[in-house]
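First the structure, in the form of structure tokens, and then the observations on it.
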Amino acid sequence: MKQLEDFREEIEQCVKCGACRAHCPVFGAEKHEGRVARGKVALAGAVLDGEIDLEEKVLEDMSQCLLCGSCGAQCPNKVPTDEIVAAARRRIAEQKGLSSFGKGVAAVLGRPRLMDLLARTGGKFSSLLFKKLPEDSGLRLRFPAPFLERDRTLPPIAAKPFRDRVPEVIEGREGAPTVAFFTGCGINYMYPAIGEALLAALKFLGVTVVIPKDQGCCGLPAVSAGAQETVEKLAERNRAALTRRPVDYVVTACASCNAGIGKIYADFGGEYLPLAERTEDIFVFLARHGLPEKLAALPKAAQRKKVTYHDPCHLRTQGITREPREILKALPQVDFVEMEEAGTCCGLGGTYSVYHYDTSKKIGARKAGYIGASGAELVATDCPGCIMQLQDSINHAGGKARVVHVLELLMEALPDLSEGDKSE
């Protein structure tokens, strides 16, 4: 959340070697120098030096970034291009104002009651607004809608949000940890089954779970849009909600939420640091509490599903790649296969896929090709946003694979695991 001026030293560390070209999904799709990391860093430096103004070309090139962090992870000098681009977008918003879509993002995310109302309305009238695709692979718009293409696959909006379905505190066994579950928007409004699967896994471990009713969006879409005031407002709301009761950990089942609280909130420093330090991805938490070993002890099922895994960018760039795979490989009903380029971005990028859906589809098509080549029936991942984007990409490619959260597969094995635990 620093200002663009604060990145001058990092901008000067870019030697324009071009190593980022091989890892930037947008450059891979568009082959345009302004789309690649070194081009954006050069533009940011020129803006700082007063060589160029925030003209239309600068605005366009700065919008053409997924903030996936792939370039920075491979950069010899570790130039944080995603953070530089985010800072440039904040400057653009300050000087030029938010885009019309950015204003909509800020208005909705910054008003949780409005977001609830829109979600509930959408859930009630989803059959009128959307048409169901074959084989339970998503929905399509019946009518044109602002900022959304009619051929995009969308998940149904839950008739009742996840946080309205569960109590605020679910007591566990004495002596077990207490965790706060940050649900995020995707699980709360579109994928409540993921939240239910997470609760089942934590119940098996005897964990006490706190699910604050007044939590909101993590703020990552607002970061992508350059809406700094909205990010700050959401951060304060969530800090208050997640620290009201004493907890040992804050767990997430969304890569974006994990990065939002664990990384972006840490940048605020002060009272946000303890919250960021206690935040863990659910599979890191489950692996540390011995769940893969318990699953591996179960007998393999006679009929197993061929499953591959997609690494969400916001986990991969934090080095969280082993733990979800450990769970998947140990599941008795799963035959795990590693697909090629499992760590490449799916093309969602928060608000990017709204601004630049055509490019997003190109990136997704490449990913769909790797999925098809793996021969997997199911693609598992650890991010609701990736689930939505991957299913859209597979549908456009005419593929048959279905995208699920790893937790949904874990929930299938929990009854057997619970029976084995009782017998011990």
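Sequential numbering from 1 along the given sequence is applied to the chain's residues.
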Would you say the ring centroid of Y249 lies under 6.0 angstrom from that of F285? yes
Flag if over 12 foreign heavy atoms under 6.0 Å of NZ, K2: yes
Do other residues, nucleotides or ligands put more than 12 heavy atoms under 6.0 Å from the CD atom of Q95? yes
Lys/Arg-Asp/Glu bridge criterion (N-O < 4.0 Å) met for E10, K78: no
K203 atom NZ: more than 12 heavy-atom contacts under 6.0 Å: no
Looking at K300, K306, K329, R304, which one forms a salt bridge (Lys or Arg N to Asp or Glu O under 4.0 Å) with D335? R304
Could you tell me whether E323 and R288 have a side-chain N and a carboxylate O separated by less than 4.0 Å? no
Sole candidate of T243, L273, V179 that passes side chain to side chain contact (heavy atoms under 4.5 Å, CB included) when paired with R278: T243
Taking the six-membered ring of Y357 as reference, does the cationic atom of R152 (NZ for Lys, CZ for Arg) lie under 6.0 Å from its centre and within 45° of its axis? yes
Pairwise side-chain contact, Q64 with H356, heavy-atom cut-off 4.5 Å (strictly under): yes
With a sphere of 6.0 Å drawn around CD of E229, does it hold more than 12 non-hydrogen atoms of other residues, nucleotides or ligands? no
Consider salt bridge (Lys or Arg N to Asp or Glu O under 4.0 Å). Of R89, K263, K40, which one does D82 pass it with? K263
